[in-house]
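To start, the structure itself, in structure tokens.
The residues of the chain are indexed from 1 along the displayed sequence.
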Amino acid sequence: MKATLALANGTVFTGRSFGARGECCAELVFNTSMTGYQEILSDPSYKGQAVVLTAPMVGNYGTSARADEAVIPSVEALIVREATDHPAHFQSQETLSRYLERHGILGISGLDTRALTKLIRSEGLLHVCLATGDDVDPAALVEKARQYPGIDGCDTVQHVTTRRRHTFARPSLPEAPRVAVLDCGTKRNILKSLAMLGCGVEVYPASTPADVILKDRPDGVLISNGPGDPAGVPHIIRTVRELVGQVPLFGICLGHQILGLALGGTTYKLAFGHHGGNHPVRNLETGRIEITSQNHNYAVDVSALGDDLIVTHVNLFDGTLEGMRHRTLPVMSVQYHPEAAPGPHDS
């Protein structure tokens, strides 16, 4: 079946539909990872976004339940150059197309993803509308893309956080640390990484007040990754502000941005975000260059940080803040994804 992708700037691409059928509007981003498409699709941070994969062929090793980063994928649509329905991998359980269809995610293939990526890089983040079917009106689709309000300032975390508190892992030893995870859309591999270190891992909904978390006396709190604009979740910022100084804190991606806001800093939106598994970051404390996995559209403004915060990591692509720690309190955070999945394990 034919599929049509209309951009708010009036550009229209046509291709072939795969996965689910229907129509959706979203923010358009591109990801430069060569592998790991299922981990990308199931990352809750992509809520409200349509993803262009720059790899030339996608679906060649199929999909399997063990690669999912969330129970239900939150990405709105997938855009690829070529999608194969003939995977060759011993762990494959179903094709990419069937995976998308089962989760209600639209896919389009057969278009020039290189041209589309260059367009995003030159014009910045764009709103798009994707529809399947042979009788789609491109002009009407362009107008829908222009009318799409986007997710800036919205609380997208509420759509991906856990609905109830639950135990992911118990401490491996009585003296092992117990970590409370404030779930803003956490990836499963973050929880697995903590469990592999022997930690007890207790997961809390993003709306959980600080006093409830502190009452359980965790040894540390992790503020997870998640989707959207950090300024759109003032209630989480308030919770984190109340946790500062009460318990050791660590933030990843959106959690890093929320920590920045809770400590008096500001955030801003990047032109087209950082999405991929090949982003070089300099660790300023060691001088080492780490190749990192990234997925975010916002960054913390370094100039707005007070003297109490020390910059620990910097992105070598554009100089944006990638890590910080408090000078006196046990508080630190990174913008990149140290758990990878997909991505290299340098960090």
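With values rounded to the nearest 0.5 angstrom, Thr63 atom OG1 is found 8.0 Å from His103 atom NE2. Distance check: Tyr61 OH to Phe90 CZ gives 13.0 Å after rounding to the nearest 0.5 Å. Note that the CZ atom of Phe168 and the NZ atom of Lys192 stand 6.5 Å from one another [nearest 0.5 Å]. Distance check: Thr186 OG1 to Leu222 CG gives 7.0 Å after rounding to the nearest 0.5 Å. The line from CZ of Phe30 to CZ of Arg121 is 5.5 Å long, rounded to the nearest 0.5 Å. Atom CD1 of Ile105 is separated from atom CG of Leu130 by 12.0 Å, given to the nearest 0.5 angstrom.
Judged purely by distance below 3.5 Å, without hydrogens or angles, the side chains of Glu202 and Thr167 pair a donor atom with an acceptor atom. With no hydrogens or angles considered, no side-chain donor-acceptor pair links Tyr336 and Asp346 at under 3.5 Å. Residues Asp68 and Gln38 have side chains that bring a donor and an acceptor to within less than 3.5 angstrom of each other. In the model, Asn225 has a side-chain atom that pairs as donor or acceptor with a side-chain atom of Ser45 under 3.5 Å.
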For residues 243-272, please give each side-chain donor-acceptor pair under 3.5 Å, one per line with the distance, not counting sequence neighbours.
from   : atom 1 : to     : atom 2 : distance (Å)
His256 : ND1    : Ser333 : OG     : 2.7
Gln257 : NE2    : Tyr298 : O      : 2.9
Gln257 : NE2    : Gln335 : OE1    : 3.1
Lys269 : NZ     : Glu27  : OE2    : 2.9
Lys269 : NZ     : Asp152 : OD1    : 2.5
Lys269 : NZ     : Asp152 : OD2    : 3.4

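Judged by distance alone, with hydrogens and angles left aside, the side-chain atoms of Thr239 form a donor-acceptor pair with the main-chain N or O of His235 at under 3.5 Å. No donor-acceptor distance shorter than 3.5 angstrom exists from the side chain of Glu290 to the backbone of Ser347, with no hydrogens or angles considered. Proximity of a side-chain donor or acceptor of Thr312 to a complementary backbone N or O of Met324 within less than 3.5 Å is detected. At least one donor-acceptor pair under 3.5 Å links the side chain of Gln158 to the backbone N or O of Asp155. For Lys187 (side chain) and Gly226 (main-chain N/O), no donor-acceptor pair under 3.5 Å exists by modelled atom type. Counting only distance, with no hydrogens or angles, the side chain of Ser122 and the backbone of Leu119 share a donor-acceptor pair below 3.5 Å. Here the side chain of Gln93 pairs a donor or acceptor atom with the backbone of Ala65 at under 3.5 angstrom. Without hydrogens or angle criteria, Thr320 side chain to Ala299 main chain gives no donor-acceptor distance under 3.5 Å.
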(request) Please step through side-chain contact (heavy atoms from CB on, under 4.5 Å) for the pair Ser17 and Leu106, ending with a clear verdict. (result) CA-CA 8 Å; Ser17 167; Leu106 276 65; over 6 Å; no

(request) Go through the steps for Val136 and Leu141 under the test side-chain contact (heavy atoms from CB on, under 4.5 Å), then give the verdict. (result) CA-CA 8 Å; Val136 173; Leu141 214 58; 3.9 Å; yes

(message) What verdict does the side-chain contact (heavy atoms from CB on, under 4.5 Å) test give for Gln147 and His127, after you've listed the backbone C-alpha separation in whole Å, the side-chain angles of each residue and the deciding distance to 0.1 Å?
(response) CA-CA 9 Å; Gln147 295 299 321; His127 291 168; over 6 Å; no

(request) Please assess Arg21 against Glu101 for the test salt bridge (Lys or Arg N to Asp or Glu O under 4.0 Å), listing each intermediate value before the final yes or no. (result) CA-CA 8 Å; Arg21 298 178 181 180; Glu101 183 180 11; over 6 Å; no

(message) Pair Val142, Leu7 - check side-chain contact (heavy atoms from CB on, under 4.5 Å), show working.
(response) CA-CA 6 Å; Val142 168; Leu7 281 60; over 6 Å; no

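With Gln294 as reference, Glu322 is the one residue of His337, His275, Glu322 to meet the side-chain contact (heavy atoms from CB on, under 4.5 Å) rule. For the side-chain hydrogen bond (donor to acceptor under 3.5 Å, both in side chains) with His274, the lone residue among Thr292, Asn31, Asn297, Asp318 that qualifies is Asp318.
Looking at Asp85 and Leu96, their side chains never come closer than 4.5 Å, going by heavy atoms from C-beta outward. The side-chain heavy atoms of His166 and Arg164, taken from C-beta on, include a pair separated by under 4.5 Å. Side-chain contact between Arg163 and Thr161 is present, with at least one heavy-atom pair separated by less than 4.5 Å. Side-chain atoms of Arg81 and Val58, non-hydrogen and from C-beta on, never get closer than 4.5 Å to each other. Between Ser33 and Leu53 there is no side-chain heavy-atom pair separated by less than 4.5 Å. Proximity of Leu28 to Val52: side-chain heavy atoms (C-beta onward) are separated by under 4.5 Å at one or more points. Contact check for Val331 versus Arg325: no side-chain heavy atoms found under the 4.5 Å cut-off. Residues Glu339 and Ile190 form a side-chain contact, since some pair of their non-hydrogen atoms from C-beta on lies under 4.5 Å apart.
Other residues, nucleotides and ligands contribute only 12 or fewer heavy atoms inside 6.0 Å of the CZ atom of Arg282. Annotation: Arg327, atom CZ; neighbour count of heavy atoms from other residues, nucleotides and ligands within 6.0 Å is above 12. Heavy atoms from other residues, nucleotides or ligands lying under 6.0 Å from CG of Leu173 number more than 12.
Counting only residues at least two apart or in different chains, side-chain hydrogen bond (donor to acceptor under 3.5 Å, both in side chains) contacts with residues 209-218 comprise Arg165-Asp216, Tyr204-Asp216.
Checked against ring pair (Phe, Tyr, Trp, His ring centres under 6.0 Å), His326 has no partners two or more places apart in sequence or in another chain.
Note on ring orientation: taking the six-membered ring where Trp is involved, the planes of His279 and Phe317 are perpendicular (angle over 60°, cut-offs 30° and 60°).
A salt bridge links Glu94 with Arg102; the closest basic N to acidic carboxylate O contact falls under 4.0 Å.
Residue Gly110 comes nearest to Arg16 through the heavy atom pair CA-NH2, 3.8 Å, listed as atom of the first residue, atom of the second, then distance.
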